[in-house]
Amino acid sequence: MRVFDEDRQEWVGHDREREIAALHARDAVRQRAALRGAVAALAACGVAFGAWALGWKDEPEPTAYLLGPQSVAGEQGDRSEQGGGASPSPADGAPSTAAVPPRGYETVTDPEGFRVAVPIGWSRTAVESLHGGMSVVNFRDYGANRRLQVYEVSEPTPQASFRDFLDDTKVPKSPAFRKLSLRTLGDGTRPAARLTYVTGRIDGEPDVGTWYVVDHRFEAADGKRYALVGYGARAAGLDEVKTLVTTALTWFCPPNTVCPDPGTG
């Protein structure tokens with residue numbers, strides 16, 4: 001009689017059936033032996049892990065450089081609150097953090113030789129001065145709603161330069177021109193003055209309506225007089241134009257002159 005061997009998926013005779021039964025019995029014995037061996041191996045691993053864990057508990061704490069940044073910061077904070085020590089300071093003789101312009105500004109050394117700080121990404125143009133000497137340099141934002149102008153002043157003092165500028169017979173102005181303030185500044189040795197005003201349309205510039213203008217004229221370290229003039233549309237606001245000029249002035253260094261960075265000399 002043939003029977004169907006489900007393992008082999010075939011029909012077999014009676015003799016073959018007895019042979020298959022013997023093979024199945026032999027395989028069952030081998031499987032039980034393998035299972036006992038696996039259980040013994042797992043038990044041995046468990047004993048070894050338990051011994052290692054007990055020994056690890058007695059190890060010293062990891063040193064600071066092995067800890068993550070959060071753990072180290074937490075320990076430092078605890079010591080500070082307890083008065084356990086001051087924050088680390090640079091080694092003697094190590095340089096301090098380099099002076100940098102305010103956020104959004106960068107220092108540039110212009111082809112005309114002067115250094116100044118301007119907003120990042122502004123474009124530059126230059127035109128020849130009517131009085132000779134350094135060209136008139138303009139830095140503009142891409143929207144053309146703000147501008148920083150740098151040029152050399154020909155008059156002997158900033159005050160004399162503004163007298164000529166405010167004289168309508170010498171410098172015609174827009175009907176919308178209105179002086180807001182004129183202040184004499186300076187450190188006692190290098191004179192300076194600042195004129196703040198509003199005006200209407202400016203030739204060669206976009207028609208934005210009213211312009212705020214902050215015009216700062218001063219004697220620099222090389223003994224020459226310069227002007228830093230900030231222009232801004234009314235939407236920019238007067239304070240933003242003042243910041244533009246003040247930042248440029250802080251970082252200004254005339255051509256062929258060595259100037260320390262602000263706050264370092």
Side-chain angles (χ1 to χ4, degrees), residues 99-108 110 114-127 129 134 136-155 157-168 170-187 190-220 225-254 262-263:
V100 295
R103 174 182 249 177
Y105 284 79
E106 63 181 346
T107 57
V108 297
D110 191 81
F114 62 85
R115 180 194 70 189
V116 73
V118 297
I120 295 171
W122 279 25
S123 62
R124 174 197 182 273
T125 58
V127 295
S129 172
M134 190 179 87
V136 178
V137 179
N138 289 284
F139 299 94
R140 290 181 174 86
D141 69 355
Y142 286 108
N145 290 328
R146 288 181 299 161
R147 173 167 59 121
L148 176 70
Q149 188 176 73
V150 185
Y151 63 91
E152 188 175 340
V153 174
S154 59
E155 292 80 10
T157 66
Q159 290 79 3
S161 183
F162 277 131
R163 279 197 299 270
D164 287 350
F165 175 78
L166 292 172
D167 187 342
D168 290 339
K170 295 182 179 180
V171 182
K173 301 174 185 62
S174 163
F177 177 88
R178 179 166 56 92
K179 182 177 75 173
L180 300 179
S181 65
L182 174 60
R183 294 188 297 151
T184 297
L185 306 170
D187 57 7
R190 295 194 180 102
R194 177 174 292 190
L195 172 67
T196 303
Y197 62 93
V198 295
T199 189
R201 182 169 178 81
I202 300 175
D203 290 342
E205 299 298 323
D207 186 3
V208 298
T210 300
W211 288 93
Y212 284 119
V213 185
V214 177
D215 188 336
H216 189 95
R217 307 188 186 190
F218 60 102
E219 182 179 302
R225 274 76 54 200
Y226 297 89
L228 296 175
V229 190
Y231 298 82
R234 182 183 291 274
L238 180 57
D239 287 342
E240 188 170 337
V241 180
K242 288 180 178 178
T243 299
L244 175 65
V245 173
T246 299
T247 304
L249 178 64
T250 301
W251 286 87
F252 182 82
C253 184

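In what follows, residues are counted from 1 in the order of the sequence shown.
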**Item:** Distance (rounded to the nearest 0.5 Å) between Thr125 OG1 and Arg147 CZ
**Value:** 8.0 Å
**Prompt:** So, is the end of the Lys242 side chain (NZ or CZ) under 6.0 Å from the ring centre of Tyr212 and within 45° of the ring's axis?
**Reply:** no
**Message:** Quick check for you: to the nearest 0.5 Å, what is the distance between Leu228 atom CG and Thr246 atom OG1?
**Reply:** 10.0 Å
**Prompt:** Should Pro158 and Glu219 count as side-chain neighbours, where that means a heavy-atom distance under 4.5 Å?
**Reply:** no
**Message:** Please confirm whether the ring centroid of Phe114 lies under 6.0 Å from the ring centroid of Tyr226.
**Reply:** no
**Message:** If you compare all heavy atoms of Pro102 against all heavy atoms of Thr247, which two are closest, and at what distance to 0.1 Å?
**Reply:** CD-CG2, 3.7 Å
**Request:** Show your reasoning for whether side chain to side chain contact (heavy atoms under 4.5 Å, CB included) applies to Trp122 and Asp141.
**Result:** CA-CA 5 Å; Trp122 279 25; Asp141 69 355; 3.4 Å; yes
**Asked** What is the minimum heavy-atom distance between Gln159 and Ala192, and which atoms define it?
**Response** NE2-O, 3.7 Å
**Prompt:** Are the side chains of Val229 and Val245 in touch, meaning some heavy atoms are under 4.5 Å apart?
**Reply:** no
**Item:** Minimum side-chain heavy-atom gap Met134-Asp110 below 4.5 Å
**Value:** no
**Prompt:** Roughly how far, to the nearest 0.5 Å, is OG of Ser161 from CZ of Arg225?
**Reply:** 9.5 Å
**Request:** Could you point out which residue of Leu166, Leu180, Val214 forms a side-chain contact (heavy atoms from CB on, under 4.5 Å) with Leu195?
**Result:** Leu166
**Aromatic ring pairing Phe177/Phe165, orientation class (parallel under 30°, perpendicular over 60°, tilted between)** = perpendicular
**Item:** With sequence neighbours excluded, residues passing side chain to side chain donor-acceptor pair (under 3.5 Å) with Ser174
**Value:** none
**Request:** Answer yes or no: does atom CZ of Arg124 have more than 12 heavy-atom neighbours from other residues, nucleotides or ligands under 6.0 Å?
**Result:** yes
**Asked** Can you tell if the side chain of Val213 reaches within under 4.5 Å of the side chain of Gln149, non-hydrogen atoms only?
**Response** no
**Message:** If you define the side chain from C-beta out and look only at heavy atoms, does anything of Thr199 sit under 4.5 Å from Lys173?
**Reply:** no
**Item:** Pairwise side-chain contact, Phe162 with Arg194, heavy-atom cut-off 4.5 Å (strictly under)
**Value:** no
**Request:** Using a strict cut-off of less than 4.0 Å between a Lys/Arg side-chain nitrogen and an Asp/Glu carboxylate oxygen, indicate whether Arg146 and Glu240 qualify as a salt bridge.
**Result:** yes
**Asked** Does Trp211 reach the side chain of Val241, with side-chain heavy atoms less than 4.5 Å apart?
**Response** no
**Prompt:** Does a donor on one side chain and an acceptor on the other come within less than 3.5 Å for Thr107 and Arg115?
**Reply:** no
**Request:** Measure the spacing between CG of Asp207 and CZ of Arg201 and express it to the nearest 0.5 Å.
**Result:** 4.5 Å
**Fill in**
Value for NZ (Lys179) from CG (Asp215), rounded to nearest 0.5 Å, stands at 13.0 Å
**Item:** Side-chain touch Leu244/Tyr105, heavy atoms, less than 4.5 angstrom
**Value:** yes
**Request:** Search all heavy atoms of Pro101 against all heavy atoms of Ala117 and return the closest pair with its distance.
**Result:** CB-CB, 4.4 Å
**Approximate separation, where rounding is to 0.5 Å, of Leu148 CG and Arg140 CZ** = 10.5 Å
